[in-house]
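Lettering follows sequence order; numbering is per chain, from 1.
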Amino acid sequence: MKYALFIYEDESLYGPGKNGPAIQQIVAKHMAFNRELGAARLGGAGLTGTSSATTVRTARGQQAVHDGPFAEAKEQLGGFYLIEAPDLDAAISIAKKVPVLQDGSIEIRPLLGP
Amino acid sequence: MISSARDRVFREAGGRIIAALVSRFRELALAEDSFSEACARALEVWPATEVPRDPAAWLYKVALRAGFDALRRRQTHARFALRSHEGATTDDDTEAFDALVIPDERLRLIFICCHPAVGIESRAALALRLVCGLPTREIARAFLIPETTLEQRLVRAKRKIAEAGVPFEVPAVIDWPDRLDAVLSTLEVAYTKSHEDAAGTGPHAAYALEVLELSRTLAQLLPTEPEVLALAALIHFAESRRPARLDGNGEMIPIADQDPLRWHRPLIGEAAAFLARVPKREQDQPRVMQARLQAIWCARRSLQEPPPWPEVLAVYDSLLKTRDDAVVRLNRLVALAEVSGIAAATAEFEAVDGRALGDFAPHHAVRADLLRRAGRVEEAQKAYGAVIALVSTSAERRWLIRRANELSGAARSPISPGPA
């Protein structure tokens, strides 16, 4: 099955432009994790901070463009992986190894469709 | 009475049949529907006076065929191949399959139902439905929710299991501790629910017996897992005391005041046998210690024997080292008050920061009891007021209200039992 792993962390840990020493540290860990994933990795990327986010919202047929992320929360979406795993247990074992700087959550979502 | 004979067959064989169907079809809903169809067929064709010689094998065979038929219809209608089940959908196959031997796949089914990716209350409900064959009506009653709510919860849980890709296998070694813990905590939640209301005669009694049965089944299927044995022991010990938990007025009787002669000895024997199989080196596991606490109480033979508070305190002391939470601390204080006196327990109680425990009934109950015994009447009355407002089970409310009213002596403004 194909799963998306969404990484939620407190982005303020990485500094305003996500370019401080913390980002160097976590990127190195992601590189190592990518090597470990090998063929199980189908894709993925890190994201810039939510300060660069723009949201297009459609409500009752009206579209409006907003500054900022879809939702304000303590932890923000900071990156994602697409992986291939035989089942949820395998996806959970992979998710447990996704590096986070301190606290964080990895949301596991199967992709829709075959 | 014939309908109850059939129902008994459906119930008793249901878990194993559904488990075997699940491992065959790799789909909970299909397994369940096929079994229901087989039961409906049985009601039509079984003679009015008896059931077949091997009713379980009959049901299994009919359910298998119903499942394969449904799969075939699905394939023809939707024209897509089933990912999880290929090539085994012929009648010949069904016939060739030896339906007289129903493989015991219950362990696999338990692990599927109790996957940590499913919400804990849904896990319990799903296991009771599929493994124990408990009707949704009864599960809903035990969970104190409307049947439709429970049914929706079950549908959601089954969908989650299918869509998230929960494996239909017994977990691998690497996942074992997490997955087993999810199973055990499911049983704990299910049993706590059934134990909450001490009444013991209503739907909860039957429900508690199902959880007891599930713990026994799990101990048979995993006979060397210390925590499985410990939980089976704990549930058997706790259930053995059910006959003595209420007085004639439906009021809770605290464990130290329960008459051990009214406890159910055969269950205590079974519980002790489970506990005896836990290796010595595992004695400090929290679940094992919880079971040992129960064992200490259940070793009491009569009210003439002094309550075993010193041993209870000793176990809580060591339990606190591995599981330092509010429940353990409060229970330990109850034992400490008996062993070292009210002053010692009160001093420790006051050292605990109670701010986070504002809505936690046991916190107020312990406080009320300590204040009452210290003769601090007014504070005790307030504390009883706080705990009574938080407690919903009638037996415990009655007991607390009596205690509170005894305090006021003249009972100038007794707290009324209200709707319980």
Subject >> Shortest non-hydrogen contact between A/M1 and B/G165, atoms and distance >> reply: SD-CA, 3.4 Å

Subject >> Other residues, nucleotides, ligands: >12 heavy atoms within 6.0 Å of A/N34 CG >> reply: yes

Original post:
More than 12 non-hydrogen atoms from neighbouring residues, nucleotides or ligands closer than 6.0 Å to CZ on B/R16, yes or no?
Top reply: yes

**OP:** Could you tell me which of B/P171, B/A172, B/A164 has the largest number of non-hydrogen atom pairs under 4.5 Å with chain A?
**Re:** B/A164

Subject >> Neighbour count above 12 (heavy atom, 6.0 Å) for B/D325 CG >> reply: yes

**OP:** Could you grab the distance from atom NZ of A/K96 to atom CG of B/D178, nearest 0.5 Å is fine?
**Re:** 3.5 Å

Subject >> Proximal component of A/I108, with respect to chain B [non-hydrogen, under 4.5 Å] >> reply: neither

Original post:
Minimum heavy-atom separation for B/P167 to A/L88, with atom names?
Top reply: CD-N, 4.2 Å

Subject >> Any side-chain heavy-atom pair of B/R179 and A/D89 under 4.5 Å >> reply: yes

Original post:
Above 12 or not: heavy atoms from other molecules or residues under 6.0 Å from CG of A/L42?
Top reply: yes

